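This report refers to the structure that appears directly beneath it.
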Amino acid sequence: MYRASRKIKTAHGTIITPFFMPDATRASVRGVAREHILAAGISEMVVNTYHLMLQPGMDVIRRVGGVHALMGWERPLLSDSGGYQVYSLIHKNARLGAIVEEGARFRSVVDGSQHLLTPEKSISIQADLGVDMMVVLDDPRPNTASYDDIAAAVERTIRWAARCRRAYAAQARTRGWTQQTRPKLFAVIQGGPYAELRARCAQGLIDVAQRIDDGFGNMHWDGMGFGGRHIDAQGNLMEDALAQTASLIPKTSLAFALGIGTPEDIVRCVRMGWEMFDCVIPTREGRHGRAFLWAHDARERIAQFLTTGTYTPFYNYVNVRTATHRTDMRTLRVPTQRGETTYTYAYVHHLLKVNDPLGSAILARHNLAFYAQLMHMLRAAVV
RNA sequence: GGGUCGGUGGCAGAGUGGUCAAAUGCACCAGACUGUAAAUCUGGCGACUUACGUCUACGGGGGUUCAAAUCCCUCCCGGCCCA
């Protein structure tokens, strides 16, 4: 069952669960300015260790005083460890990298240069980024990998989590973090499609937290995520896996469903107990011409699903690129700093057709507002 | 008026006797996208047909040939050169 809404204090403000973070992988949500992110009702974003260490590079990040300063963003940020990027690179093209016990060896997609991202280095980089929430380096595997391969990745993920936790404690000393200012530390559960491996991974990670001091005497992870891919070959949410994994996460830790998802997936996951999400869907789909739209009685349908488990579709998904919108003068709501404005479908359709980034940006902003509203409804429903 | 080069699918542009319903790009019509190597990728794109397939097509008309977008004749149209 869902977890009640709770507040998390960070150095850049208080977060209320459940919440959704758009991916600002390279320190920007592609094409959407920070004032438009805020206007959409979004207060947290995810940046990426892998991308930022390559560009602009940690030398620049340190000199400008961190990624908040670089972006001019005053709200909470989470950095992903880079594990997923290395996984993505390696599994799409084995020449681009390899996992070794020391860490993830990979070639930069920016300039082809070779790098070794270790658990310690990932934590150090994330500390330099200055984010409010950081994630341990993990070893994701495709769900199609062999049982033995995934089992080995689970054990490695646990060992790497232990190294990350020690590195975190060392950073805490060096940088003088306090219990109030320190970034939250998230572990990541692997195990893919195998329930016993997920359980083993979760228990292994919990043991690590109890065994290794984070520098503040905490005996738990601030958050625990579920990594890898949670979508089957048909594009459906792996509900059993997500439900089981949510149940493995102690209430002392925030439950973070990495990379999820569609509005429906998020609602389903919140019911299972997941509390935080990040995904490219609202922005990528927007960039590619899709808009999420509320169905009638969406709020009631969501509330009904949370209490009874009976799911009724609560939104529509429209492709504004299709010819039907060429002269469609109905309007699409887009958030602004002073409330809201509207654009006609016909205009957005035209902008998309002429490849003006404005069309993509309008839809991304619209979809971000949709996701923010969704999370607002969910917060109200899980009191 | 003479010469010359050329007219190919919505556009640009290959092809110069058979494997051509015609490369490729763009446009167009759809689809995909879930810790962003994604302003990316996939499919369709003459007509009819679920499909096998059938028909009509490379400016118009007429020939040669078993077979023509490709060769010949003629007409129409366009560029350039000469008068």
Side-chain angles (χ1 to χ4, degrees), chain A residues 20-32 44-52 54-55 78-93 95-97 106-112 122 126 133-140 143 157 186-190 223-238 242 256-266 268-269 274 276-290 292 317 319-326 349 351-364 367 371:
Chain A
F20 174 85
M21 300 170 281
D23 290 320
T25 303
R26 296 185 291 197
S28 85
V29 174
R30 285 183 217 283
V32 184
E44 300 84 23
M45 293 192 265
V46 173
V47 298
N48 195 277
T49 299
Y50 167 83
H51 293 275
L52 294 178
L54 297 178
Q55 215 171 21
L78 177 145
S79 54
D80 195 6
S81 64
Y84 186 82
Q85 281 59 50
V86 176
Y87 146 81
S88 177
L89 290 174
I90 293 174
H91 296 292
K92 283 176 188 169
N93 183 351
R95 291 175 43 198
L96 288 175
F106 64 89
R107 275 183 190 282
S108 162
V109 295
V110 177
D111 62 6
S122 179
Q126 294 184 73
M133 296 168 274
M134 54 176 67
V135 176
V136 300
L137 187 68
D138 60 334
D139 183 10
N143 291 326
T157 291
F186 287 70
V188 181
I189 299 167
Q190 293 297 340
M224 292 181 75
F226 183 24
R229 281 202 154 232
H230 330 282
I231 309 300
D232 67 21
Q234 286 72 47
N236 296 314
L237 194 68
M238 292 162 60
L242 278 152
F256 178 15
L258 287 85
I260 289 181
T262 65
E264 177 178 342
D265 292 346
I266 287 177
R268 289 186 182 281
C269 285
W274 294 101
M276 49 193 285
F277 304 88
D278 79 295
C279 196
V280 303
I281 282 181
T283 49
R284 181 184 287 168
E285 297 282 325
R287 198 161 59 247
H288 295 171
R290 262 63 169 209
F292 291 98
Y317 176 65
N319 184 355
V320 184
R321 290 192 81 100
T322 57
T324 52
H325 297 105
R326 205 171 307 167
H349 173 87
L351 293 172
L352 292 166
K353 286 300 212 178
V354 299
N355 297 318
D356 190 318
L358 178 59
S360 295
I362 287 170
L363 289 177
N367 289 343
Y371 268 66

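Not measured: the values here are computed from a predicted model. Note on naming: letters A, B, ... go to the chains in the order of the sequence lines (proteins, then strands), and numbering restarts at 1 for each one.
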Practice task
Examine the base of B/U36 for any acceptor or donor lying under 3.5 Å from a partner atom in the side chain of A/S88, and report the outcome as yes or no.
Solution key: no
Fill in the blank from the handout: From CG of A/D232 across to P of B/A32 the rounded distance in Å is 15 Å
Practice task
Would you indicate, yes or no, if B/A30 has its OP1 or OP2 atom less than 4.0 angstrom from a side-chain nitrogen or oxygen of A/R321?
Solution key: no
Problem - B/A22 versus B/U8 - spacing of their C1' atoms, nearest Å - result: 8 Å
Problem - Ring centers of A/Y317, A/F292 separated by less than 6.0 Å - result: yes
Practice task
For A/G31, answer base if it contacts any base atom (sugar-phosphate contacts may also be present), sugar-phosphate if it contacts only those atoms, and nothing otherwise; contact means non-hydrogen atoms under 4.0 Å.
Solution key: nothing
Handout entry: Closest listed nucleotide, where the reference is the side chain of A/H288 and the choices are B/A37, B/U40, B/G31
Key = B/U40
Practice task
Answer with base, sugar-phosphate or nothing: what part of the nucleic acid does A/S360 contact at a heavy-atom distance below 4.0 Å?
Solution key: nothing
Practice task
Determine the interatomic distance between P on B/A30 and the same-named atom on B/U34; round to the nearest Å.
Solution key: 23 Å
Handout entry: Whole-angstrom distance between B/G25 and B/A37, as gauged at atom C1'
Key = 25 Å
Practice task
Using a 4.0 Å heavy-atom cut-off across all strands, classify A/D23 as base, sugar-phosphate, or nothing.
Solution key: base
Problem - Closest heavy-atom pair and its distance - A/L78, A/F186 - result: CD1-CE1, 4.4 Å
Problem - Closest contact, heavy atoms only, A/Q85 versus A/H51 - result: CG-NE2, 3.6 Å
Completion exercise
Atom CD1 of A/I266 and atom P of B/U34 are separated, to the nearest Å, by 14 Å
Handout entry: Side chain of A/L89 (C-beta onward), nearest among B/A37, B/U40, B/C29
Key = B/A37
Practice task
Give one of base, sugar-phosphate or nothing for A/G235, where a contact means two heavy atoms less than 4.0 Å apart.
Solution key: base
Completion exercise
Side-chain atoms of A/D80 come closest, of B/U36, B/A30, B/C33, to B/U36
Practice task
Report the nucleotide, chosen from B/U36, B/G31, B/U34, that has the shortest atom-to-atom distance to any side-chain atom of A/N319.
Solution key: B/G31
Practice task
Under 4.0 Å between any heavy atoms, over every strand shown, what does A/N93 touch: base, sugar-phosphate, or nothing? Just pick one.
Solution key: base
Exercise for the section: On RNA chain B, check which nucleotide each of A/N355 and A/T25 is closest to and give me the residue with the more 5' one. Expected result: A/N355
Exercise for the section: Taking only the side-chain heavy atoms of A/V280 (C-beta and beyond), determine which of B/U36, B/A37, B/A32 contains the nearest atom. Expected result: B/U36
Fill in the blank from the handout: Among B/U34, B/U36, B/C33, the one nearest any side-chain atom of A/Y317 is B/C33
Completion exercise
note: A/F292, atom CZ; B/C33, atom P; distance rounded to Å ~ 10 Å
Practice task
Take A/F106 and A/Y50 through the test ring-ring contact (aromatic ring centres under 6.0 Å, His included) and record every step on the way to the result.
Solution key: CA-CA 10 Å; A/F106 64 89; A/Y50 167 83; 5.0 Å; yes
Exercise for the section: Compare the minimum distances between each of B/A37, B/G35, B/A38 and the side chain of A/V135, then state the nucleotide with the smallest one. Expected result: B/G35
Exercise for the section: Respond yes when some side-chain nitrogen or oxygen of A/R290 is under 4.0 Å from OP1 or OP2 of B/C33, and no when none is. Expected result: no
Problem - Side-chain N or O of A/R284 closer than 4.0 Å to phosphate OP1/OP2 of B/G35 - result: no
Practice task
For B/A32 and B/A23, measure between their C1' atoms and round to the nearest Å.
Solution key: 27 Å
Problem - Pairwise P distance, B/C73 and B/U64 [rounded to whole Å] - result: 15 Å
Practice task
Give one of base, sugar-phosphate or nothing for A/R107, where a contact means two heavy atoms less than 4.0 Å apart.
Solution key: nothing
Problem - Whole angstrom value for the distance that separates P of B/U34 from OH of A/Y87 - result: 10 Å
Problem - Nearest-angstrom distance, P atom, B/G7 to B/C55 - result: 28 Å
Problem - A/Q85 vs B/U36: side-chain N/O to OP1/OP2 distance below 4.0 Å - result: yes
Fill in the blank from the handout: In whole angstroms, the gap separating P of B/A39 from CD1 of A/I362 amounts to 18 Å
Problem - Check: A/T25 main-chain N/O paired with A/D23 side-chain donor or acceptor under 3.5 Å - result: no
Problem - Strand partner of B/U50, provided both Watson-Crick or wobble distances fall under 3.5 Å - result: none
Exercise for the section: Would you name the heavy atoms of A/F277 and A/C269 that are closest together and state the gap between them? Expected result: CE2-CB, 3.5 Å
Exercise for the section: List the atom of A/M238, the atom of A/D232, and the distance in Å for their closest heavy-atom pair. Expected result: CG-N, 4.0 Å
Exercise for the section: Determine the contact category for A/Q190: base if any of its heavy atoms lies under 4.0 Å from a base atom, sugar-phosphate if only primed atoms, P, OP1 or OP2 are that close, otherwise nothing. Expected result: base
Handout entry: Rounded interatomic separation in angstrom, taking CG from A/D278 and P from B/G35
Key = 7 Å
Practice task
Let me know the distance between CZ of A/F20 and P of B/U36, rounded to the nearest Å.
Solution key: 11 Å
Exercise for the section: Ignoring the backbone of A/K353, work out which of B/A37, B/C28, B/U34 is nearest its side chain. Expected result: B/C28
Handout entry: Atom-to-atom span, CZ of A/R26 to C1' of B/A39 - whole angstrom
Key = 11 Å
Completion exercise
Of B/A30, B/A39, B/G35, the nucleotide closest to the side chain of A/T322 is B/A30
Practice task
Looking only at non-hydrogen atoms, find the nearest pair between A/G261 and A/Y371 and report the distance.
Solution key: O-OH, 2.7 Å
Exercise for the section: Can you tell me, in whole Å, how much space there is between the C1' of B/G10 and that of B/A27? Expected result: 7 Å
Problem - side-chain N/O A/R287 vs B/A39 OP1/OP2, d < 4.0 Å - result: yes
Problem - Donor on one side chain, acceptor on other, A/Q190 and A/D138, under 3.5 Å - result: yes
Exercise for the section: May I ask you to say what A/H51 touches in the nucleic acid, namely base, sugar-phosphate or nothing, with a heavy-atom cut-off under 4.0 Å? Expected result: sugar-phosphate
Exercise for the section: Determine the contact category for A/L78: base if any of its heavy atoms lies under 4.0 Å from a base atom, sugar-phosphate if only primed atoms, P, OP1 or OP2 are that close, otherwise nothing. Expected result: nothing
Practice task
Name the nucleic acid region contacted by A/N48, choosing base, sugar-phosphate or nothing; use a 4.0 angstrom heavy-atom cut-off, strictly under.
Solution key: sugar-phosphate
